[in-house]
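One structure below.
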Amino acid sequence: MKKGFYISKVEAAACLVAATAAVAIIITLSAVYSQEKSKNQAAHFTTTGPSVTATSEPTTIPSMLKEPWQRFRLPDSLSPISYNVTLWPRLKPNDDNMYIFTGNSTVVFKCVKETDLILIHSNRLNFTIFEGHHAVLRGLDGDPTPSLSKTWLEVPTQYLVVQLNGPLSVGHRYELYTMFVGELADDLAGFYRSEYTIDGEQKVLAVSQMQATDARKTFPCFDEPAMKAVFHVTLIHPPGTVALSNSMNYEPVNITMDGQDLLKTSYEPTKVMSTYLLAFAVCDFGFRETELADNTLIRVWARKKAIESGHGDYALEKTGPILAFLEDHYNSSYPLSKSDQIAIPDFRAGAMENWGLIMYSEPALLYNPATSSIEDKKWVVSVISHELAHMWFGNLVTMRWWNDLWLNEGFATYISYFGSNYTEPKWGLPDLIVLREIINVMGVDALASSHPLSCKEENIVTPDDIRYLFDSITYSKGAAVLRMLSDFITEDAFSKGLNTYLKEFQYNTTIYTDLWKHLQMAVEKAGVKLPYSVDVIMNRWILQMGFPVVTFNTQNGTISQQHFLLDADSATVTPSEFNYTWFVPIKWSKNGGAEQQFWLLDKEKTNPDMVLDTKDWMLANINMKGFYRVNYDSDNWERLLARLTSNPEDIPLINRVQIIDDAFNLARAKIVNITLALRTTKFLDKEFEFMPWQTARSNLDYILLMFDRSEVYGPILAYLKRKVTPLFNYFKNVTANWTKNPEKLTDLYNQENAISLACIAGVKGCKDMTTGLFREWMKNPDNNTISPNLKSIVYCNAIASGGVEEWDFAWSMFKNASLASEADKLLHAMSCTKTPWLLNRYLQYSLDPDKIRKQDTISTINLISNNVVGQPLAWNFVQANLEDMITYCDSGLFSMAGLISGLTRRFSTEFEYKQLLQFKEDKAELLGVAASSVEESLERIKTNMNWVDLNKEQVLEWFSTEVSSG
């Protein structure tokens, strides 16, 4: 730790209140906070009408008049320069059994445009009143400072409003001082508390999650990404705890407040940054550290037991190399002196990229070589790589407003595959982007309810609007189009364009056109030939939703494109300025030969090179670098399928994936017949690679989902049994009867597919193997000999085959699990039971924080709904308990959106459609941002209904024929 001591500047408060009086006011405020909390919570859910606080007169504004404080966006009259923030979190409850924090903040800002109004964000904070006002204002440049006319809290738009008796002077600096108290709640947002138990003792820590609009829950601030400033932070905390923030701390100082012996830790000023990146942690954690060659300090923090057990060592080992890779990739040095990574027991997101203090959920940072699986390991290195990519793309250079969130998240998602690959080169991670991101998001982007990557600023206004953007379109489609862009301009030009972009806009904010400009400069310098400029090409991919299906006619050489929708008949699509036409980079080959390139710039074009002889076959979108689906004329489909069935290795691995996924989705969209799609699976008894099997499984899962309650299910399982038996036997042999691990990462994954599908289909020996391994563990709970890479599959299948004894054993192991990733496996496995009353009990547990953490509530219910037995139980449970769930999950409505989608994924009948429609009408006031998910689900159900009506007889006949002919 660096030596020294930093004292916060509090001259404004000193003019009015002595230090002891200030402490007295804070203590008094905390005593009455429980009464005020109920008022504030009631106001928090108010969406219309004037705000009323206990310390100010109500504001009466005509409803037709929009005053500045009634708008969600800040005016451009003030610009923050710096903050001094002091916070004191209480890690023990007060007399009202409430956890609180108290604090004070001084923000220095500059007047950019003349105004007599200060608007600063504040949410769920109660303020000390100074001479009738919530704040103290002082000028810093010698001119007279306007006095305060009136201050109040505008709850709907989350402002502290300061009305002045005169205007501020343009170009002059001022400081606004406030004292406040807030609840250190367990809502996983803002400054909140997390808890864990060790040796029967409950431990409480105070941590933060500010993204996207929750810094205002912690202290008054200009809470928009473009409002960057320098932060001076001081944390007051109990002896025996450590306090962390974005910057390196000075030496803690012993102080006494309210009769308590405490520590006061201050920090070096931060770099210029956005409020959503500010971070705090007060805990009793342990750490491991290392120092890089450039003196950058790397530390990994977690519960002491986890650190002592070495669970943070893998993260510590990989952080430095990933940072080095990113510095080289960006040609830009890491700008901070330290990088702390901390594992939080209660954390809603996988991780958060706070500059210098990255927060992780425990499974995303902690890894135990003895008990964790290879997937756990991959998850750790992938998340670290994603978050460290943000240190430049998002933190150093930040999007101006949330409408360009994809610039942050899409880029970090894309680059994370390369950062991970740099440290684990044997895993082949870059190829997995096809499965993990591209294929998955295509399913979402093919809905009429999808949205563009980027939209106009004025379309994203409220906190709910912002939360809705944190979806797969932003993350995965953002990564997919950047991957496509990097491919057609070359990786070298892409990297050099990023370098000049980061250099010009460091410590500033940008819009997407700034990125296009720098990439275009790099393209021109490299001499890369494009049909149009980067911005002209890419705007079609980011400013309109969806993507094309490109159809190749090998009889006449015609290539055409159309907007791909899973249900084009019933879809109502928002008009596009580009008429849903894209500039499509096409890479193709004939008979597996040399790769050729072609740009499709219109709805339809002819390329004579694509006219084929009767024995030739073509393959388009080589390695799926383009974000589009491919369709062929029937002759080429036949020749391609014949090659796939007889000699699958003649087709590149990723294109075997593509053929399966394109065919099934084209069938869902009624562009090709379902039997054509089913035929793409016939080669699977010759396939032992993970990616084609995983893609086939994902698409067959949809068919199973539609028919697992009907007579079609039997023939499907019989066909699946025939195809998966060679795969099951293959892995049984290469693992010496499941006693050793395959060497390749993807083989480890495919081993799980082999066992899981074999058990579903009833392959001989599968059920006995899984239940036998689980039973051995039950006999000796302290000695789990199940391979870490098989635990998820063994646990689930054994519990599905068992009863209450197996379930209760898993529950006891879950409650005693010391590693979060192990607890996650058990949490999932317990949803696999086929016993209804156990599933109902599990649903009740999901709303009990003493049994299941709040962060796992939504995922637990979703897991139960994935079970064919549990789905109706979960659906009824949510309908009956929605209001309690929203209150319980607090600001977790965004997670609720995912729940609605999961609950209804099996719906495929008119009755089920009407059920959801009625649910939407009955619960409209409760759904909030999740209402959009209901619309998506209704669209999916309509698509499911149409698909089942069209395909049920064909599917039954095809599977029955294949089984009988075998």
Side-chain angles (χ1 to χ4, degrees), residues 326 329-331 386 389 392-394 397 399 404-419 430-431 433-434 436-439 441-442 445 452-454 472-502 505 510-548 550 561 578 581-588 595 597-601 620-629 654:
L326 292 169
H329 186 81
Y330 294 129
N331 192 21
H386 180 105
W392 288 266
F393 229 94
V397 177
M399 78 265 145
D404 277 332
L405 177 64
W406 76 275
L407 278 177
N408 281 16
E409 299 299 349
F411 193 86
T413 301
Y414 174 55
I415 291 299
S416 70
Y417 284 85
F418 297 97
D431 285 350
I433 195 173
V434 173
R436 307 298 195 203
E437 315 298 339
I438 297 172
I439 283 177
V441 79
M442 277 183 158
D445 207 23
L453 272 173
S454 186
S472 60
I473 296 294
T474 294
Y475 285 74
S476 299
K477 183 178 179 179
V481 299
L482 288 170
R483 175 176 178 263
M484 177 175 66
L485 169 61
S486 175
D487 182 63
F488 72 70
I489 71 172
T490 75
E491 182 63 30
D492 183 62
F494 187 71
S495 179
K496 289 176 179 175
L498 294 180
N499 171 242
T500 59
Y501 168 82
L502 291 169
F505 296 106
T510 66
I511 57 177
Y512 69 87
T513 53
D514 296 319
L515 178 60
W516 297 162
K517 173 186 172 183
H518 280 265
L519 292 175
Q520 181 63 32
M521 290 164 50
V523 163
E524 292 171 0
K525 190 172 182 179
V528 178
K529 301 299 182 184
L530 298 177
Y532 297 109
S533 62
V534 170
D535 64 322
V536 171
I537 293 171
M538 292 306 298
N539 284 350
R540 298 200 172 211
W541 294 95
I542 71 164
L543 298 181
Q544 59 184 351
M545 72 178 198
F547 57 89
V550 179
Q561 64 168 295
F578 304 117
T581 302
W582 291 263
F583 297 140
V584 188
I586 294 171
K587 292 189 174 181
W588 66 285
E595 184 180 284
Q597 297 191 40
F598 178 80
W599 279 91
L600 179 59
L601 305 175
N621 198 10
I622 304 299
N623 289 323
M624 288 190 72
K625 288 296 180 73
F627 191 67
Y628 58 92
R629 293 206 180 278
I654 291 179

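Index from 1, following the sequence. Small disclaimer: the values here were computed from a predicted structure and weren't measured.
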- Task: Report yes if the side chains of Pro452 and Ile542 come closer than 4.5 Å at any heavy-atom pair, otherwise no.
- Result: no

- Decide yes or no for Trp516 and Ile511: does some side-chain heavy atom of the first lie under 4.5 Å from some side-chain heavy atom of the second? no

- Query: Could you state the interatomic distance from OG1 (Thr513) to CE (Met538), rounded to the nearest 0.5 Å?
  - Reply: 13.5 Å

- Query: Sequence neighbours excluded, which residues qualify as salt bridge (Lys or Arg N to Asp or Glu O under 4.0 Å) partners of Arg436?
  - Reply: Glu375

- Message: Quick check: closest heavy atoms across Val584 and Pro548, and the distance to 0.1 Å?
- Response: CG2-CG, 4.1 Å

- Task: Could you tell me whether Phe627 and Trp582 have their ring centroids closer than 6.0 angstrom?
- Result: no

- Query: Hey, what's the ring geometry for His518 with Phe505, parallel, tilted or perpendicular (30° and 60° as the breaks)?
  - Reply: perpendicular

Enumerate donor-acceptor pairs with a distance under 3.5 Å from any side-chain N or O in residues 519-529 to protein atoms, sequence neighbours excluded.
from	atom 1	to	atom 2	distance (Å)
Gln520	OE1	Val534	N	2.8
Gln520	NE2	Glu524	OE2	3.0

- Message: Can you confirm whether Phe547 sits close enough to Val481 that some side-chain heavy atom of one is under 4.5 Å from a side-chain heavy atom of the other?
- Response: no

- Task: State, yes or no, whether a side-chain contact exists between Met624 and Ile439 at a heavy-atom distance under 4.5 Å.
- Result: yes

- Residues in salt bridge (Lys or Arg N to Asp or Glu O under 4.0 Å) contact with Lys587, at least two apart in sequence or another chain: Asp487, Glu595

- Can you name the residues that form a salt bridge (Lys or Arg N to Asp or Glu O under 4.0 Å) with Asp404, not counting sequence neighbours? none

- Per side-chain contact (heavy atoms from CB on, under 4.5 Å), Leu498 is matched among Val397, Leu515, Asn331 by Leu515

- So do Phe393 and Ile415 actually touch side chain to side chain, heavy atoms under 4.5 Å? no

- Arg483 meets the side chain to side chain donor-acceptor pair (under 3.5 Å) criterion, sequence neighbours left out, with none

- Message: Quick check: do Met399 and Tyr512 have side-chain heavy atoms less than 4.5 Å from each other?
- Response: no

- Query: Rounded to the nearest 0.5 Å, how far does CG of Asn408 lie from OH of Tyr475?
  - Reply: 9.0 Å

- Closest non-hydrogen contact found for Ile438 with Ala480 is CG1-CB, 3.8 Å

- Message: If we count only N and O atoms by modelled type, under 3.5 Å, do the side chains of Tyr417 and Glu437 hold a donor and an acceptor together?
- Response: yes

- Item | Rounded distance (nearest 0.5 Å) linking atom OH of Tyr501 with atom OH of Tyr330 | 10.5 Å

- Query: If you measure from OH on Tyr628 to CD1 on Ile586, what distance do you get to the nearest 0.5 Å?
  - Reply: 5.0 Å

- With sequence neighbours left out, what residues match Phe583 under ring pair (Phe, Tyr, Trp, His ring centres under 6.0 Å)? Tyr532

- Query: Does the pair Asp535 and Ser533 meet the rule for a side chain to side chain donor-acceptor pair (under 3.5 Å), with working shown?
  - Reply: CA-CA 6 Å; Asp535 64 322; Ser533 62; 2.3 Å; yes

- Task: Mind checking the CG-CG spacing from Asp431 to Asn623? Nearest 0.5 Å is all I need.
- Result: 7.0 Å

- Item | Separation of Leu530 CG from Ile537 CD1 (nearest 0.5 Å) | 4.5 Å

- Message: Whether the side chain of Ser495 engages the backbone of Glu491 through a donor-acceptor N/O pair (distance < 3.5 Å, no angle test) should be reported.
- Response: no

- Which atoms form the tightest heavy-atom contact between Ile433 and Ala479, and what is the distance? CD1-CB, 4.5 Å

- Heavy-atom closest pair (Lys477 atom, Gln544 atom, distance to 0.1 Å) is NZ-O, 3.9 Å

- Query: So do the side chains of Ile473 and Trp406 get within less than 4.5 Å of each other, counting heavy atoms only?
  - Reply: no

- Query: Which heavy-atom pair separates Ala389 from Leu326 by the least distance, and what is that distance?
  - Reply: N-CD1, 3.6 Å

- Item | Heavy-atom closest contact (Ile489 atom, Ala493 atom, distance) | O-CB, 3.3 Å

- Query: If we only count heavy atoms from C-beta on, is the His329 to Phe418 side-chain gap below 4.5 Å?
  - Reply: no

